[in-house]
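Heads up, the thing below is written out as structure tokens.
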Amino acid sequence: MERYSHIENKHKREIVLLKARPCAWSKCTFCDYIEDNSTCTEEMIKINQDVLSHVTGEYGVLEIIDSASIFELPQATLSLIKQIIHDKNIHTLFVESHWIYHQRIQEIRDFFGIDMIVKIGVESFDDDFRNRVLNKNATFSSIEELKKYFDSPCLMVGIQGQTKEMIQKDMDILTHHFDYGTINIYRNNSTPIKRDESLIQWFMQNYAYLQDDPRYDFLCDPTDFGVGD
């Protein structure tokens, strides 16, 4: 399991994959990332200390990810991140959170006290597909409500049950409303949710240019950031 890497294009930054408690939601039908969680605080703190020891601050930008939300990290790890931010002169922090924590986002911004890009796994702006099929429990009522709390939506492309119309709408909303975002080409995993090869082929024929859009990370595989397995 790779837990430290560099992202050297677009928004240059260091990235760490930390160990966290189980996701507070843990019911998304497509997600098996939660298998990386732990209930042993001592284990989490030890692993996270080792991973964070690699941070150099060379870009002044750090991204923190885990198998859940930023709020599932142990307090000792959060305090260590804050100390590293100070020691390494980091000015911008990327983190991710589930929608269920939206009313606590300002709390985490205040805790770290630097510029933050807060990401959220929206997966799709189609409410029915997002919440009924993928079971995200991301129940924002409008793009404006989402933007009150989050800066960067993560979208998935190429899932059986998605349509071209859904994806067209997703890309339109992303490119017209957000200066940050992540586009993930779906990869089969241990869940019953499967990849739609023909839909991915269509998407790449029509939207491959987004790979060069400086605003958005474009992942053809979940490990393209250099962390995970």
Side-chain angles (χ1 to χ4, degrees), residues 1-3 15 17-40 43-44 65-73 95-102 119-141 143 146 150 152-174 181-208 210-211 216-229:
M1 176 75 77
E2 295 294 331
R3 294 188 178 273
I15 183 169
L17 171 59
L18 301 182
K19 201 88 167 172
R21 296 185 298 271
C23 173
W25 176 241
S26 295
K27 297 175 184 177
C28 299
T29 56
F30 64 91
C31 180
D32 63 0
Y33 305 144
I34 55 175
E35 294 175 4
D36 188 46
N37 64 40
S38 175
T39 56
C40 177
E43 176 197 25
M44 288 184 277
I65 62 173
D66 59 64
S67 60
S69 299
I70 185 72
F71 296 98
E72 262 89 58
L73 290 173
V95 303
E96 186 167 356
S97 174
H98 192 283
W99 173 256
I100 60 175
Y101 289 114
H102 66 279
K119 303 167 76 170
I120 177 174
V122 169
E123 321 311 347
S124 173
F125 287 110
D126 184 282
D127 186 78
D128 182 69
F129 188 75
R130 181 178 70 252
N131 290 316
R132 183 181 61 81
V133 178
L134 301 182
N135 198 30
K136 279 295 301 185
N137 191 29
T139 55
F140 53 87
S141 59
I143 302 304
L146 182 69
F150 297 93
S152 178
C154 301
L155 299 171
M156 287 199 304
V157 171
I159 302 171
Q160 291 180 5
Q162 268 185 315
T163 66
K164 295 176 182 177
E165 291 73 23
M166 285 182 196
I167 294 172
Q168 287 170 332
K169 180 180 178 182
D170 285 348
M171 296 304 114
D172 184 67
I173 291 173
L174 176 67
T182 304
I183 299 165
N184 298 281
I185 304 299
Y186 185 69
R187 180 182 73 176
N188 286 334
N189 54 34
S190 62
T191 72
I193 302 298
K194 298 304 177 186
R195 174 178 167 113
D196 186 326
E197 296 291 351
S198 62
L199 195 59
I200 291 169
Q201 184 179 13
W202 166 84
F203 178 77
M204 293 305 294
Q205 289 171 348
N206 289 273
Y207 290 98
L210 289 174
Q211 293 179 94
Y216 310 123
D217 293 312
F218 193 112
L219 306 181
C220 292
D221 188 273
T223 60
D224 283 350
F225 277 154
V227 294
D229 60 13

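Not measured: the values here are computed from a predicted model. For the numbers below, each heavy atom of this structure counts, side chains included, while hydrogens, waters and symmetry mates do not.
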Is Q160 atom CD crowded by more than 12 heavy atoms from other residues, nucleotides or ligands, each under 6.0 Å away?
yes
Polar side-chain atom of Q162 near backbone of G158 as donor-acceptor pair, under 3.5 Å
yes
What distance separates N184 CG from D217 CG, expressed to the nearest 0.5 Å?
9.0 Å
Value rounded to 0.5 Å, distance of CD in E123 from CG in L155:
7.5 Å
Show your reasoning for whether side-chain contact (heavy atoms from CB on, under 4.5 Å) applies to F125 and F140.
CA-CA 10 Å; F125 287 110; F140 53 87; 4.3 Å; yes
Write down the atom of G161, the atom of M166, and the distance for their closest heavy-atom approach.
O-CE, 3.8 Å
Backbone N or O of G121 within a donor-acceptor pair of the K136 side chain at under 3.5 Å?
yes
Atom of E96, atom of C154 and distance for their closest heavy-atom approach
OE2-SG, 4.2 Å
Should the pair F150 and W99 be assigned to parallel (<30°), tilted (30 to 60°) or perpendicular (>60°) ring geometry?
tilted
Partners meeting side-chain contact (heavy atoms from CB on, under 4.5 Å) with D229 (sequence neighbours left out):
M1
Could you report the tightest heavy-atom contact between A20 and M44, atom names first, then the distance?
C-SD, 3.3 Å
Working for side-chain hydrogen bond (donor to acceptor under 3.5 Å, both in side chains), residues D196 and S198
CA-CA 6 Å; D196 186 326; S198 62; 2.8 Å; yes
Heavy-atom check, side chain of S124 versus side chain of D170, under 4.5 Å:
yes
Quick one: closest heavy-atom pair of P22 and S38, and the distance?
CD-O, 3.3 Å
Closest non-hydrogen contact found for S67 with C23 is O-CB, 4.3 Å
Close side-chain approach of R195 to N188, heavy-atom, < 4.5 Å:
yes
So, do F203 and I167 sit near enough that their side-chain heavy atoms are less than 4.5 Å apart?
yes
Report yes or no: does S152 contribute a side-chain atom to a donor-acceptor pair with the main-chain N or O of G181 at less than 3.5 Å?
yes
Euclidean distance, I120 CD1 relative to S69 OG, rounded to 0.5 Å:
9.0 Å
Contact list for residues 17-30, test side chain to side chain donor-acceptor pair (under 3.5 Å), sequence neighbours left out
K19-D36
pair L17-E2: side-chain heavy atoms closer than 4.5 Å:
no
Side chain Y186, main chain I193, donor-acceptor under 3.5 Å
yes
T223 and D221: side-chain donor and acceptor closer than 3.5 Å?
yes
Apply side-chain contact (heavy atoms from CB on, under 4.5 Å) to the pair K119 and V95, showing each step before the final yes or no.
CA-CA 6 Å; K119 303 167 76 170; V95 303; over 6 Å; no
Mind checking the CG-CD spacing from N37 to E72? Nearest 0.5 Å is all I need.
9.0 Å
Using only heavy-atom distances, determine whether the side chains of D32 and T191 contain a donor-acceptor pair under 3.5 Å.
no
M156 side chain near F30 side chain, heavy-atom distance below 4.5 Å
yes
Heavy-atom check, side chain of L134 versus side chain of I159, under 4.5 Å:
yes
Is a donor on one side and an acceptor on the other found under 3.5 Å between the side chain of D224 and the backbone of C220?
yes
Measuring from F129:CZ to N135:CG, what's the distance to the nearest 0.5 Å?
12.0 Å
Side-chain contact test, heavy atoms from C-beta onward, threshold under 4.5 Å: evaluate it for N137 versus H98 and give yes or no.
yes
Rounded to the nearest 0.5 Å, what separates atom CD1 in I200 from atom CD1 in I185?
6.0 Å
Salt bridge or not between D127 and R130? Use side-chain N to carboxylate O under 4.0 Å.
yes
Please tell me if the side chains of I183 and V157 come closer than 4.5 Å, counting only heavy atoms from C-beta onward.
yes
Neighbour count above 12 (heavy atom, 6.0 Å) for K169 NZ
no
